[in-house]
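Structure record follows, encoded as structure tokens.
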Amino acid sequence: PKMTGQVFNRGIKDLGEKLGWTELIRFRKDINEFVMMPFYDMLCSSVGRHTFATRALLNGTPHNIIMGWCGWSNSSMIFYYSEKIKVQSTDWMSKIK
């Protein structure tokens, strides 16, 4: 049977808590409101997907491959993360032999 996203995400949070990932993280709750919460409360499938995409970019995986793996149908997210980590096309030119 399929697992709902809510059940999956609750399981990830529970696992993070059991692993002791309790360091406090500053989280923006609203435009002018921040709260401190344990790291395991931040865990979810979306965070995992975006962390994976960022690391794949840093390891030189082509954009179209990452988009397929993450289920993104357009390039807006991949460009967002590329800009966040400053992956530039000139970096690719240095890899051409």
Side-chain angles (χ1 to χ4, degrees):
K2 289 188 174 185
M3 182 185 299
T4 67
Q6 290 175 334
V7 171
F8 182 78
N9 287 335
R10 183 70 254 159
I12 291 173
K13 291 176 192 309
D14 290 345
L15 179 61
E17 183 177 18
K18 287 177 184 170
L19 289 171
W21 296 347
T22 58
E23 61 272 17
L24 293 178
I25 303 293
R26 185 175 167 211
F27 176 75
R28 179 179 235 150
K29 185 175 179 181
D30 200 358
I31 190 74
N32 291 320
E33 184 180 359
F34 292 88
V35 294
M36 299 298 284
M37 55 195 305
F39 177 70
Y40 66 81
D41 268 348
M42 302 289 293
L43 299 175
C44 67
S45 58
S46 180
V47 168
R49 183 174 53 251
H50 296 302
T51 299
F52 169 79
T54 301
R55 291 184 184 211
L57 281 167
L58 289 170
N59 282 305
T61 307
H63 290 182
N64 62 320
I65 301 296
I66 298 169
M67 286 173 56
W69 287 342
C70 292
W72 295 328
S73 58
N74 66 49
S75 56
S76 62
M77 287 305 295
I78 202 75
F79 290 135
Y80 172 80
Y81 282 95
S82 293
E83 179 59 28
K84 283 288 189 189
I85 60 174
K86 301 294 184 198
V87 172
Q88 303 294 329
S89 59
T90 54
D91 295 339
W92 287 99
M93 295 303 291
S94 66
K95 295 180 182 183
I96 297 174
K97 295 184 184 201

Checklist entry - Of all residues at least two apart in sequence or in a different chain, which pass the side chain to side chain contact (heavy atoms under 4.5 Å, CB included) check with Thr4? => result Gln6, Val7
Checklist entry - If you group Ile, Leu, Val, Met, Phe, Trp and Tyr whenever their side-chain heavy atoms sit less than 4.5 Å apart, what else falls in with Ile31? => result none
Item to check | Test log, rule side-chain contact (heavy atoms from CB on, under 4.5 Å), inputs Ile12 and Cys44 | outcome: CA-CA 6 Å; Ile12 291 173; Cys44 67; 5.8 Å; no
Next on the checklist: side-chain contact (heavy atoms from CB on, under 4.5 Å), that's the test. Do Thr22 and Phe39 meet it? Break it down for me.
Outcome noted: CA-CA 5 Å; Thr22 58; Phe39 177 70; over 6 Å; no
Checklist entry - Are the side chains of Pro38 and Ile25 in touch, meaning some heavy atoms are under 4.5 Å apart? => result no
Next on the checklist: Taking ring-ring contact (aromatic ring centres under 6.0 Å, His included) as the definition, give me every residue that meets it alongside Phe27, ordered by chain and number, with sequence neighbours left out.
Outcome noted: none
Checklist entry - How would you list, by chain and number, every residue that makes a side chain to side chain donor-acceptor pair (under 3.5 Å) with Arg49, sequence neighbours excluded? => result none
Checklist entry - Do Phe52 and Cys70 come within less than 4.5 Å of each other through their side chains, counting heavy atoms only? => result yes
Checklist outcome for this item: What one should report as the nearest heavy-atom pair of Tyr81 and Thr54 is CD2-OG1, 3.3 Å
Item to check | Test side chain to side chain contact (heavy atoms under 4.5 Å, CB included) applied to Arg28 - qualifying residues, sequence neighbours left out | outcome: Phe34
Checklist entry - Under the side chain to side chain donor-acceptor pair (under 3.5 Å) test, which residues partner Ser46, sequence neighbours left out? => result His50
Checklist entry - Under the 3.5 angstrom rule, does the side chain of Asp41 hit a backbone N or O of Met37 as a donor-acceptor pair? => result no
Checklist entry - Ser45: what forms a side chain to side chain donor-acceptor pair (under 3.5 Å) with it, not counting sequence neighbours? => result Asn9
Next on the checklist: Using the side chain to side chain contact (heavy atoms under 4.5 Å, CB included) criterion, which residues pair with Ile65? Sequence neighbours excluded.
Outcome noted: Thr61, Pro62, Trp69
Next on the checklist: Once salt bridge (charged side-chain N to carboxylate O under 4.0 Å, His left out) is applied, what residue pairs with a partner in residues 6-18 remain, sequence neighbours excluded?
Outcome noted: Arg10-Asp14
Item to check | Residues forming a side chain to side chain contact (heavy atoms under 4.5 Å, CB included) with Glu33, sequence neighbours excluded | outcome: Lys29, Asp30, Val35
Next on the checklist: With a 4.5 Å cut-off on side-chain heavy-atom distances among I, L, V, M, F, W and Y, is there a chain of contacts connecting Phe8 to Leu15?
Outcome noted: yes
Next on the checklist: To check you understand the geometry: which heavy-atom pair defines the closest contact between Ile66 and Ala53, and what is its length?
Outcome noted: CG2-CB, 3.8 Å
Checklist entry - Cluster question for you: counting only ILVMFWY and a side-chain heavy-atom cut-off of under 4.5 Å, with indirect links fine, are Leu58 and Val47 together? => result no
Checklist outcome for this item: Students should find that the hydrophobic cluster of Met36, defined by side-chain heavy atoms under 4.5 Å apart, otherwise consists of Leu24
Checklist entry - So do Ser75 and His63 actually touch side chain to side chain, heavy atoms under 4.5 Å? => result no
